[in-house]
Number of protein chains: 2
Amino acid sequence: MPRTSSTRAPGGAVTLQQVATVAGVSLATASRVLHGSGGRKVAEALAERVTAAAAELRYVAHAPAQSLARSRSTVVGVLVHDIADPYFAAIAAGAMDVAREYDLMVLVANTFRDPGLERDYLARLRAQRARAVLLAGSAFVGEPFAEEVAAFAESGGRVAAIGAHGTGIDTVEPDQYGGGRLIAEHLVGLGHREIGVITGPAGLATVAQRLAGFTSVVAAPRLGHADFTREGGRAATHELLGRHPELTAIFALNDLMAAGALAALRELGRPVPEQLSVAGFDDLPVATDVTPALTTVRLQLADIGARAMRLLLDDEPVGRLVPAPAELVVRDSTGQASTLH
Amino acid sequence: MPRTSSTRAPGGAVTLQQVATVAGVSLATASRVLHGSGGRKVAEALAERVTAAAAELRYVAHAPAQSLARSRSTVVGVLVHDIADPYFAAIAAGAMDVAREYDLMVLVANTFRDPGLERDYLARLRAQRARAVLLAGSAFVGEPFAEEVAAFAESGGRVAAIGAHGTGIDTVEPDQYGGGRLIAEHLVGLGHREIGVITGPAGLATVAQRLAGFTSVVAAPRLGHADFTREGGRAATHELLGRHPELTAIFALNDLMAAGALAALRELGRPVPEQLSVAGFDDLPVATDVTPALTTVRLQLADIGARAMRLLLDDEPVGRLVPAPAELVVRDSTGQASTLH
DNA sequence: GTGGGGGTGGAAAGCGCTTTCCGCCTGCGA
DNA sequence: TCGCAGGCGGAAAGCGCTTTCCACCCCCAC
């Protein structure tokens, strides 16, 4: 249809004005037909002309202009430490699902656990006038980050967090403490007394809580330190067993590190769970991919992400705290304490 | 400082006008100081007053307004089938890294392999006037999707794809065909003659290419069909071995399904690789988490994502094709063909 | 001492859309 | 027949920013 090529601006996008002109109506009428909030009626005939013109020109509204005019945007932000980490990927997927229900686009920001970047991205999300932002990574405690969060809220955006992010914002709180406790009780029930724990990045609330839950049952586990990665878990296991050969069980604070621990024990020729038991946390897909399958704590990550997003998008007052349960999943990587020592 | 509380609009965000007023300069000057493209100079003294005021008020520019005025936005889009799939998560992470270099925000759209949603998201990315969009999922062939891609490009955005997405757009092309071939040659070299292949979603270019590479060496493998998931791979393995007990090797078209195959074989009590060899594709982290570790084809996914994003953001003419190598990684899941049959 | 030019601040015109008014037209009742 | 209310289209005023253009000032050269 030659109409199309002659009407559309060569290099640029189609504007509402062009649609209105083609339809032979005013800008205002075109706007009412295409994006009208329903409050105002437009005659059938005109409306049809407008929608036809819009379709013919492949018109889509200029979202930034709409944001400006309506002073509300259609994007939400999700702040994660690393989207390639399946833990965050699962949360993000759940959140994105809900965002789609609400017809919102999702800006994902990868912070690499860098507090500076985190602040920076939050400021940029504020610049975008994102309607809401989900802080999916547990915070480092005591940052000036709180100030940036406040600025975001003050400029009209909503904030929710997974895990403890301070007061005044909606929070979905996975039962990290309870999960740590469950693993401890499970291991103790199997007769383990000498247990090593491989921790994650210092300062992460998640780490502190999981560990606290564990130590509420097992007072003084041997600690090894890693960074929540498979490779870190492997190295820490070697190191920990070097220092404490008497251990009969290892609790890695996430599944990734537990997988690494399993690899290390294979290298050392120490059978799991016959000689050493291993437990993880999160119940990521990797937990069932490894052999033996990991005993771990299930967090319903996609659901957690989804619920956090719902908190952001409903119109209830803020400051709610939604607990998310942790569930013990016993698989093959844990067994009776070996009597070899 | 009481100044802050009295100057900032109670409910809304700080505007440039407010900053200008506080600094005692005009709107134009404030704009030049804070976002000036360098072409125009502003006296030291004034500039300092402006930056001070901006900092004091925690001013960040209204991005939609800026997009409108400059008619260029600072967001790019990434279209993936499922961000929770580590394959796409890795690509997205690589792409986001590069986007950060360019100071761009990334809108991630999860399409769940639904062609309708894919089109829809692309239109919405066009609405956002995203500067560029990365099509990370290999296309379903022959969709009206192409039309939407054209509309996006026409409205001034750039488009790049991972895998074959048609002509006229930049493409990073992983050597899927070559990878399939490498696995075939490897298995044949080990003496395997009866080989099963577990394929992925029909219509996916990736699937066709990997399979084509394989069959260029092994003419007529037994085919089982699955959906690129671990569970699908498991079920398909049971089914395939039921039909063809004579198989000595199984090639799953991705690592997730290969992990499922391993699980199935464990259930069947058939040792890998002594009795059956298994190979995957992608070299995802899971490949080294399983036991035995998977022989697979390495695709440098993060790098692929990063290179695609660079294609989008440089100013070269479009239509380039960048090949990405596939590399055979031999691990423990493949061995000499068993002589039991 | 006056004219001209370079440099710098400010006014104002958009960018594409929403939304408030305003005014016209129609239809109804008196 | 006229008045008035209700319905609906259009003009226009923004939303917050960029950028062009104009005006002004100061300094220098003649």
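Please read all numbers here as calculations on a predicted model, not as lab measurements. These values consider heavy atoms only, across backbone and side chains, with no hydrogens, waters or symmetry-generated copies.
Distances were taken from every side-chain heavy atom of A/Arg70 (C-beta onward) to each of C/dT18, C/dC17, C/dG9; the shortest belongs to C/dT18.
The CG atom of A/Leu16 sits 7 Å away from the P atom of C/dT18 (whole-angstrom rounding). Put simply, NE2 on B/His62 is 13 Å from C1' on C/dC17, counting in whole angstrom units. As a whole-Å value, the separation of B/Glu44 CD from C/dG9 P is 11 Å. Separating the NE2 atom of B/His35 from the P atom of D/dT19 is a distance of 11 Å, rounded to the nearest angstrom. In this structure, the CZ atom of B/Arg129 is 17 Å from the C1' atom of D/dC17, given to the nearest Å. Distance, B/Leu46 CG to C/dG10 C1': 11 Å, rounded to whole Å. The CD-P distance, from B/Gln17 to D/dC17, rounds to 9 Å in whole Å.
When the side-chain nitrogen and oxygen atoms of B/Tyr59 are compared with OP1 and OP2 of D/dC17, one or more of them lie within a distance under 4.0 Å. Checking the phosphate oxygens (OP1, OP2) of D/dG10, a side-chain nitrogen or oxygen of A/Thr29 falls inside 4.0 Å. Distances shown here put a side-chain N or O of B/Gln66 below 4.0 Å from the OP1 or OP2 atom of D/dT18. At D/dT18, one or more side-chain N or O atoms of B/Ser31 fall inside 4.0 Å of OP1 or OP2 (strictly under the cut-off).
For the pair B/Leu313 and B/Leu104, the minimum side-chain heavy-atom distance is below 4.5 Å. Here the side chains of B/Ser155 and A/Val14 are not in contact, with every heavy-atom distance at 4.5 Å or above.
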Between the protein and nucleotides 20-25 of chain C, are there any N/O to N/O pairs under 3.5 Å, and if so, what are the atom names and distances?
{"from": "C/dT20", "atom 1": "O4", "to": "A/Arg32", "atom 2": "NH1", "distance (Å)": "3.4"}

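Map B/Leu27 and A/Leu27 each onto its nearest nucleotide of DNA chain C; the residue landing nearer the 5' end is B/Leu27. Toward the 5' end of DNA chain C, the nearer of the two residues B/Ala43 and A/Leu68, judged by each one's closest nucleotide, is B/Ala43.
Ionic pairing of B/Arg126 and B/Glu148 is present here: one or more N-O contacts between side-chain nitrogen and carboxylate oxygen are shorter than 4.0 angstrom. Using a 4.0 Å cut-off between charged side-chain N and carboxylate O, B/Glu147 and B/Arg119 make no salt bridge. A salt bridge does not link B/Arg58 with A/Glu154: every distance from a Lys NZ or Arg NE/NH1/NH2 to an Asp or Glu carboxylate oxygen is 4.0 Å or more. Taking the charged nitrogens against the carboxylate oxygens, B/Arg100 and A/Asp120 have no contact shorter than 4.0 Å, which rules out a salt bridge.
Between B/His35 and B/Tyr59, the ring planes are tilted. Angles from 30° to 60° get that label.
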